Amino acid sequence: MGINIQSDISLKKYNTFGIEEVAQHFIEITEATQLLDAYESGIFEKDFLTLGGGSNILFTQPYAGYIIKINIKGIKANQVQQEIFLTASAGEIWNDLVWFCVNNNYNGLENMALIPGTVGASPVQNIGAYGTELMDIFYSCVAFDTLEGVFRIFYNEDCQFSYRDSIFKSEQKGRYIITEVTYKLHTSPSINSSYGAISTELEKRKITNPTIRDIAEVVSFIRVEKLPDPSTVGNAGSFFKNPIVSAEQFKKIKTLFPEMISYDMPDGRIKLAAGWLIEQCNWKGKVIGQAGVWKNQALVLINIQSATGNEIFELSSEIINDVYQKFNVKLEREVNIF
Ligand SMILES: Cc1cc2nc3c(=O)[nH]c(=O)nc-3n(C[C@H](O)[C@H](O)[C@H](O)COP(=O)(O)OP(=O)(O)OC[C@H]3O[C@@H](n4cnc5c(N)ncnc54)[C@H](O)[C@@H]3O)c2cc1C
């Protein structure tokens, strides 16, 4: 099929922050085999960046290399007794896949309804929301090795999944281009409504025996209430990860701030709510120039209208600094900076 290289392409519509930067070269991939053509052309020996929906990226400068935009489509399901092995191509929209599953009664994705972005990016930061993480239902993925020019299969145990992290975001960052992902789902429901906001909303709706459709609808409703819609307010969701601290450090902070919000981790460490920490530093709703902190959720940084990537980045640095000064906790950015 070959590849079509475009030049000097505006990235504004390709990132949910709506940042105006330009890519020197831009290639859209609609079939996995085109990656072999790109490899043969020597493109992966130069600077390149794989792009899905651009919902976890902040561009802070023009991209002087090749943007590889993944737009491969297709979904197929393979049922083995009570289990569904659902394979989706990397360019499928994540939320469309969630609703495909709800409509077919495939259980497992419903708590992650309305997360923006593509299937191909879903393993990269082990997406998660409302009590579920991708690693819970990820079976395998096919990824193109841009160093060796071959396709490889990664099974769950190969991916080094942890909270908002995987081998694709850390050890092998940028090396592999994921072309399809297989999820292991179930035909019998195992509803996860333990997350506070979900159970409260179910109660309000007087739903005592929720279906996966109820969960997907409730999660979507809560998300719309809390998060800005990138089509009207540029953002990339949570800008920071929730920091994880040792039990010892937690005790020290909790003595000073008894009302602090926290979650126990299975390994004995404690996860703190980054949004709460930021709020305590009085950042919620603040605006500096064209960059701001979302009024309903301090974890989310926003583009007021015409922010540069650097304005957003500088705001994030100020927040990291203030949280560190007050709590001695170093926030890490969840969003990929380029
Ligand atoms: C309003 C809003 C709410 C959000 N809520 C959540 C949430 O609840 N939970 C959550 O986890 N995330 C959330 N996010 C972040 C984002 O939606 C996810 O990280 C999503 O998986 C990013 O998908 P994408 O296709 O847009 O990736 P991109 O932003 O295009 O890319 C993200 C990273 O993945 C890499 N990448 C993309 N595609 C591929 C591929 N095919 N192969 C290899 N690498 C690839 C990129 O190089 C980049 O490093 C939210 C974002 C927004 C805007």
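Counting starts at 1 for both ligands and their atoms, in listed order. Values in this document were obtained by computation on a predicted structure and should not be read as measured data. Counting begins at 1 with the first residue of the sequence.
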Assess the side chains of Asn336 and Lys173: does a donor N or O sit below 3.5 Å from an acceptor N or O?
yes
min-distance protein heavy atom vs atom 32 (C) of ligand 1 -> Asn336 ND2, 3.7 Å
Classify the side-chain pair Ser190/Asn192 by whether it contains a donor and acceptor separated by less than 3.5 Å.
no
Between Gln290 and Thr308, is there a side-chain donor-acceptor contact under 3.5 Å, judged purely by atom types and distance?
no
Which residue and non-hydrogen atom of the protein lie closest to atom 16 (C) of ligand 1, and at what distance in Å?
Ser55 OG, 3.3 Å
Which of the atoms in ligand 1, numbered in the order shown and given with their element, are less than 4.0 Å from a heavy-atom of Thr16?
53 (C)
Taking the non-hydrogen atoms of Phe168, is any one of them nearer than 4.0 angstrom to ligand 1?
no
Polar side chain donor-acceptor pair, Arg213 to Asn105, under 3.5 angstrom
no
If hydrophobic clusters are built by linking Ile, Leu, Val, Met, Phe, Trp and Tyr wherever their side-chain heavy atoms come under 4.5 Å apart, do Phe154 and Tyr183 end up in the same one?
yes
Whether Lys69 engages the ring of Tyr14 as a cation-pi pair (distance to the six-membered ring centre under 6.0 angstrom, angle to the ring normal within 45°) should be assessed.
no
Nearest protein heavy-atom contact for atom 21 (O) of ligand 1: which residue, which atom, what distance?
Ile127 CG2, 3.2 Å
Under the side-chain contact (heavy atoms from CB on, under 4.5 Å) criterion, do Ile137 and Leu185 qualify, and how do the steps go?
CA-CA 6 Å; Ile137 41 94; Leu185 308 173; 4.0 Å; yes
Salt bridge flag under 4.0 Å for residues Lys204 and Glu201
yes
Among all protein heavy atoms in this structure, tell me which lies nearest to atom 19 (O) of ligand 1, with the distance rounded to 0.1 Å.
Gln125 NE2, 2.8 Å
Look at atom 6 (C) of ligand 1 and say which protein heavy atom is nearest, naming residue and atom and giving the distance to 0.1 Å.
Arg223 NH2, 3.6 Å
Which protein non-hydrogen atom lies closest to atom 44 (N) of ligand 1, naming both residue and atom, and how far is it?
Val124 CG2, 3.6 Å
Contact between ligand 1 and Arg164 is defined here as a heavy atom of the residue under 4.0 Å from a ligand atom; is it met?
yes
Does any N/O atom on Ile177 come nearer than 3.5 Å to any N/O atom on ligand 1?
no
Nearest-0.5 Å distance, SG of residue Cys281 to CG of residue Asn321:
9.5 Å
Heavy atoms only: which of Ile302, Leu227, Asn235 is nearest to atom 1 (C) of ligand 1?
Asn235
Which residue and non-hydrogen atom of the protein lie closest to atom 28 (P) of ligand 1, and at what distance in Å?
Gly54 N, 3.5 Å
Which atom names give the shortest non-hydrogen contact between Leu36 and Gly149, and what distance separates them?
CD2-O, 3.6 Å
Close-contact set for ligand 1 against Gly120 heavy atoms, below 4.0 Å
39 (C), 40 (C), 41 (N)
Assess, by modelled atom type and distance only, whether the side chains of Thr182 and Thr87 contain a donor and an acceptor separated by less than 3.5 Å.
yes
Ligand 1 to Ala129, heavy atom cutoff 4.0 Å, flagged ligand atoms 8 (O)
Consider only side-chain N and O atoms of Asn235 and Trp294, and report whether a donor and an acceptor are under 3.5 Å apart.
no
Considering only heavy atoms, does Trp94 approach ligand 1 within less than 4.0 Å through its side chain, its backbone, both, or neither?
neither
Taking atom 17 (O) of ligand 1 as the point of reference, which of Pro228, Pro116, Gly117, Cys141 owns the nearest heavy atom?
Pro116
Name the orientation class of the two ring planes belonging to Trp276 and Phe257 (parallel below 30°, tilted from 30 to 60°, perpendicular beyond 60°).
perpendicular
State whether the shortest distance between N or O atoms of Ser122 and N or O atoms of ligand 1 falls below 3.5 angstrom.
no
Atoms of ligand 1, numbered as shown, that sit under 4.0 Å from any heavy atom of Leu49:
47 (O)
Does an N or O anywhere in Gly52 fall below 3.5 Å from an N or O of ligand 1?
yes
I need the atoms of ligand 1 closer than 4.0 Å to a non-hydrogen atom of Thr118, numbered in the order shown.
23 (O), 24 (P), 25 (O)
Distance from atom 13 (C) of ligand 1 to nearest protein heavy atom, with residue and atom
Ile115 CG2, 3.8 Å
Carefully, step by step, assess Tyr130 and Ile222 under the rule side-chain contact (heavy atoms from CB on, under 4.5 Å).
CA-CA 10 Å; Tyr130 296 96; Ile222 299 168; 3.4 Å; yes
Within ligand 1, which atoms have a heavy atom of Gly128 less than 4.0 Å away?
7 (C), 8 (O), 9 (N), 10 (C), 11 (O)
Out of Asn126, Ile57, Ile29, Thr146, the nearest non-hydrogen contact to atom 31 (O) of ligand 1 is supplied by Ile57
In ligand 1, which numbered atoms sit nearer than 4.0 Å to a non-hydrogen atom of Gly237?
2 (C), 3 (C), 4 (C), 50 (C), 51 (C), 52 (C), 53 (C)
